[in-house]
Amino acid sequence: MISGELITAIAMTEPGAGSDLQGVRTTAKKDGNHYVISGSKTYITNGQNADLIIVVAKTEPDKGAKGTSLILVEAGTEGFARGRNLDKIGQHSADTSELFFNEVRVPMTNCLGEENKGFIYLMSQLPQERLGIAIGAQAGAQRAYDEAVAFTKDRKAFGKTVFDFQNTRFTLASLKTELQVGWAHIDWGLKRLMEGKLTAAEASAAKLWHTEMQGRVVDAALQLHGGAGYMNEYPIARMWRDARVQRIYGGTSEIMREVIARTI
Ligand SMILES: Cc1cc2nc3c(=O)[nH]c(=O)nc-3n(C[C@H](O)[C@H](O)[C@H](O)COP(=O)(O)OP(=O)(O)OC[C@H]3O[C@@H](n4cnc5c(N)ncnc54)[C@H](O)[C@@H]3O)c2cc1C
């Protein structure tokens, strides 16, 4: 993975289980020294290109989360099939797919870490993943703001630049303020992560705030472009489309609020 020779995917989500990951129905049944994996996954990033898939499966279905394991499946293994490369509204440079597992046999040594600890492994890495999404959101918002500043300083209407209207300058001033607060918060979150102190609720709050902020900023930045903002030839159009999913994947904004609320 590190040298770029192997592309991987992590297959958690299923047609019937997204936010409610404990509802995963894919099973990995033991047969001698092998697992036999059956089930289907959807919305899997890298699904079309992955050489190796980390499959979230129930090794002991009656134990719920405590019976969940992470099993490695090599793409060529018999019974494994890729479905559609799903047609998304944004992030077109990333492939997102259905994956099917029809009695896929893999050796038990393909279990990543210890059996039945898969859910714990996933939960322990979620703060880092969510902070990562927050950082991407902050960077995306900054770039959208920069585009809006450049565009409005160039575009003319009513004999002056669009930037000269008080509405434009006040809108940009508000966005600049959000970005300033956001960068300070990212630094704080990174420091907490490096010190091993970033909690699940703090990481959820970061993902919630930064992705919602990105949504506000890209939308306002697009508006300042006028009709040009709706044209794919302007970078802001793509930024707006690509930003939408940030509030959905890695846990939706509603699930982030759930995680935070549990600590109140
Ligand atoms: C582009 C893209 C890439 C993705 N990549 C991956 C990947 O690589 N691997 C992977 O495993 N998954 C991936 N996903 C899946 C993603 O993580 C899920 O889509 C996401 O977690 C939401 O699950 P869901 O789609 O089943 O929505 P649902 O859980 O069906 O949610 C529907 C609505 O109900 C709300 N809701 C659900 N539960 C509650 C609750 N308890 N309280 C209040 N509201 C609630 C949700 O917030 C949402 O608004 C990807 C998704 C997308 C769109």
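One-based numbering, in listed order, for ligands and for the atoms of each. Quick note: numbers below take in every heavy atom, side chains included, and nothing from hydrogens, waters or symmetry partners.
Atom 20 (C) of ligand 1 is approached by the protein to below 4.0 angstrom, counting heavy atoms only. Distance remark: protein heavy atom present below 4.0 angstrom from atom 9 (N) of ligand 1. Checking atom 30 (O) of ligand 1 against the protein gives no heavy-atom contact under 4.0 Å. Using a 4.0 Å threshold on non-hydrogen atoms, atom 35 (C) of ligand 1 does not count as touching the protein.
The single protein non-hydrogen atom nearest to atom 51 (C) of ligand 1 is Y43 CB, 3.7 Å, given as residue, atom name and distance. Ranking the protein heavy atoms by distance from atom 2 (C) of ligand 1 puts Y249 CD2, 3.7 Å first. Counting only heavy atoms of the protein, atom 44 (N) of ligand 1 lies nearest to E254 CB, 3.6 Å. At the top of the distance list for atom 26 (O) of ligand 1, counting protein heavy atoms only, stands G18 CA, 3.1 Å. Nearest protein neighbour of atom 3 (C) of ligand 1, counting heavy atoms only, is T45 OG1, 3.4 Å.
For the pair T252 and ligand 1, the shortest N or O to N or O distance falls below 3.5 Å. On a distance-only criterion, E258 and ligand 1 share no N/O pair closer than 3.5 Å. Between T96 and ligand 1, no pair of N/O atoms sits closer than 3.5 Å. Where the criterion is an N or O separation shorter than 3.5 Å, residue side chain and backbone included, T13 meets it with respect to ligand 1.
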How far apart are the C-alpha atoms of V149 and K176, what are their side-chain angles, what is the distance that settles it, and do they pass the side chain to side chain contact (heavy atoms under 4.5 Å, CB included) test?
CA-CA 10 Å; V149 171; K176 190 172 182 176; over 6 Å; no

Given R216 and E178, is the salt bridge (charged side-chain N to carboxylate O under 4.0 Å, His left out) satisfied, shown in steps?
CA-CA 10 Å; R216 290 193 295 276; E178 292 219 70; 2.7 Å; yes

What do the steps show when you test T26 against K41 for side chain to side chain contact (heavy atoms under 4.5 Å, CB included), and what is the final call?
CA-CA 8 Å; T26 297; K41 299 287 180 180; 3.6 Å; yes

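Of the candidates Q91, K88, M12, it is K88 that places a heavy atom closest to atom 1 (C) of ligand 1. For atom 52 (C) of ligand 1, the choice among I89, V55, V245 with the nearest heavy atom turns out to be V245.
If you number the atoms of ligand 1 from 1 as listed, the ones under 4.0 Å from a heavy atom of I255 come out as 38 (N), 39 (C), 40 (C), 41 (N). Near S19, meaning under 4.0 Å from any of its heavy atoms, are these atoms of ligand 1: 22 (C), 23 (O), 26 (O), 28 (P), 29 (O), 31 (O), 37 (C), 38 (N). Those atoms of ligand 1 that come under 4.0 Å of a heavy atom in I10, given as number and element, are 7 (C), 8 (O), 9 (N), 10 (C), 11 (O).
Atom CZ of R238 has 12 or fewer heavy atoms from other residues, nucleotides or ligands within 6.0 Å. Around the NZ atom of K88, the shell of radius 6.0 Å holds more than 12 heavy atoms that belong to other residues, nucleotides or ligands.
There is a side-chain donor-acceptor pair under 3.5 Å between D146 and Q142. In this model, no donor atom of one side chain and acceptor atom of the other lie less than 3.5 Å apart for E115 and T59. T27 and K58 form no side-chain donor-acceptor contact under 3.5 Å, judged by distance and modelled atom types alone. Side-chain contact of E14 with S40: a donor-acceptor pair under 3.5 Å is absent, judged by distance alone.
In this structure, L208 CG and I255 CD1 are separated by 11.5 Å, a value rounded to the nearest 0.5 Å. Atom CZ of F151 sits about 11.0 Å away from atom OG1 of T161, to the nearest 0.5 Å.
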